[in-house]
2 protein chains.
Amino acid sequence: MDNVVHGRPYEVTKDGPRFRPCAPHGVLSRLGDKWTILVMSHLAIASGHRLRFSELKHGIDGITQRMLTLTLRNLERDGLVSRHYFPEVPPRVEYELTGMGASMLPALEGFTSWIRDNWPRMEECRNLFDLAKAEHG
Amino acid sequence: MDNVVHGRPYEVTKDGPRFRPCAPHGVLSRLGDKWTILVMSHLAIASGHRLRFSELKHGIDGITQRMLTLTLRNLERDGLVSRHYFPEVPPRVEYELTGMGASMLPALEGFTSWIRDNWPRMEECRNLFDLAKAEHG
DNA sequence: CAGGATCCCAACTGATACTG
DNA sequence: CAGTATCAGTTGGGATCCTG
């Protein structure tokens with residue numbers, strides 16, 4: 001009803017709370033894709049939160065031209081990044097975090113700092129889990 | 001070298017900072033998959049942070065048995081959820097947030113509250129972007 | 001009840017080649 | 001330089017059937 005957890009409303013039925021897929025998943029799945037966080041992090045530490053295409057491409061190990069383009073288009077579509085095109089020869093294109101994009105950084109930082117703190121333990125848990133699974137058969 | 005942003009170390013080269021794929025992406029891609037956040041949210045609001053398989057299945061609209069099992073196995077492997085098996089007939093299995101799993105909730109909540117606040121604007125941006133793209137050709 | 005095993009399709013990603 | 005277009009490989013997820 002008016003209940004909300006993790007940004008998601010849920011209804012209380014006689015069988016318990018019931019969620020349906022909605023907003024948070026869309027954003028998290030975007031951030032969880034292969035390159036988006038790396039692009040956001042790069043822009044986050046850049047002066048003016050602004051970099052040109054080739055700087056991003058060079059700074060992100062292993063990204064292809066195609067995937068960088070797709071990632072930036074998605075971020076632009078979501079209003080998190082703005083694209084600045086300079087009709088020179090050769091052309092120059094700069095990408096910049098928007099106000100909304102920059103406003104996301106503290107929340108993202110909060111979350112990723114939890115990850116940093118807990119990552120070693122998660123690795124340990126995974127190893128234990130895989131080990132237990134391997135030996136029991 | 002010792003620079004860190006979003007939980008990720010990066011090295012400063014003569015051409016600028018350079019990241020490589022690492023920890024935060026793994027966690028965010030897990031949370032960004034189709035069902036994980038829904039499962040976490042459900043356990044978050046459950047009494048004792050604990051629910052049985054069928055309660056989760058019934059409470060998450062559209063999830064299949066297979067995907068719920070896979071999602072829970074991944075969470076268990078990461079040490080975020082623990083599995084309690086009761087050898088009765090018919091069998092009963094309960095899933096519970098671990099201490100580490102519960103410790104993630106505030107960070108997740110911080111992030112999803114940002115999403116909730118900014119979601120309408122993101123939707124608007126998407127519509128504008130799609131519209132502009134459609135009319136320019 | 002909980003979940004393993006299979007099959008199949010859709011979506012994501014990479015590699016490569018081409019262009020304003 | 002900063003893209004777009006195309007093709008191929010891989011992965012994610014749904015549907016279905018079977019079992020302790």
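In what follows, every chain begins at residue 1, and chains take the letters A, B, ... in the order their sequences are listed. The structure displayed is predicted, hence computed values, not measured ones.
- Remark: P of dG4(C) and CD of Q65(B) are 10 Å apart, rounded to the nearest angstrom.
- Put simply, K34(A) has a side-chain N or O that comes within less than 4.0 Å of OP1 or OP2 on dG14(C).
- Summarising the geometry, the separation between CZ on R30(A) and C1' on dA11(C) is reported as 13 Å, rounded to the nearest angstrom.
- For L51(A) and dC1(D), the CG to P distance is 16 Å, given to the nearest whole Å.
- Both L75(A) and Y85(A) are part of a single hydrophobic cluster, where members link through side-chain heavy atoms under 4.5 Å apart.
- Donor-acceptor pairing under 3.5 Å is recorded for the side chains of T36(A) and D33(A).
- Within residues 66-88 of chain A, the residues approaching DNA chain C are R66(A), M67(A), by heavy-atom distance under 4.0 Å.
- A salt bridge is defined here as a Lys NZ or Arg NE, NH1 or NH2 lying under 4.0 Å from an Asp or Glu carboxylate O, and E94(B) with R50(B) meets this definition.
- Over its length, the helix from dC1(C)-dG20(D) to dG20(C)-dC1(D) turns its helix axis by 50°, as judged from the five terminal pairs at each end, rounded to 10°.
- C125(B) and M100(A) get closest at one heavy-atom pair: SG-CE, 4.1 Å.
- Distance, F53(A) CZ to dG20(C) C1': 15 Å, rounded to whole Å.
- What separates CD1 of I60(B) from P of dA2(C) is a distance of 13 Å, to the nearest Å.
- Here the closest non-hydrogen pair linking H25(A) and G32(B) is NE2-O, 3.5 Å.
- Summarising the geometry, the separation between NZ on K133(A) and P on dG3(C) is reported as 14 Å, rounded to the nearest angstrom.
- Counted within 6.0 Å of CZ on R92(A), heavy atoms from surrounding residues, nucleotides or ligands total more than 12; the atom is thus considered enclosed.
- Each of V93(A) and D33(B) was assigned the nucleotide of DNA chain D with the nearest heavy atom; the assignment lying further toward the 5' end belongs to V93(A).
- Closest approach of L31(A) to F111(B), counting heavy atoms only: CD1-CZ, 3.2 Å.
- The residue among P91(A) and T64(A) whose nearest nucleotide of DNA chain C lies closer to the 5′ end is T64(A).
- The distance from atom CD1 of I63(B) to atom C1' of dG14(D) is 12 Å, rounded to the nearest whole Å.
- Annotation for R73(B): atom CZ counts as buried by contact number, over 12 foreign heavy atoms lying within 6.0 Å.
- With sequence neighbours excluded, the residues satisfying side chain to side chain contact (heavy atoms under 4.5 Å, CB included) with R77(A) are R126(B), F129(B), D130(B).
- Atom CZ in R52(A) sits roughly 8 Å away from atom P in dC1(D) (whole-Å rounding).
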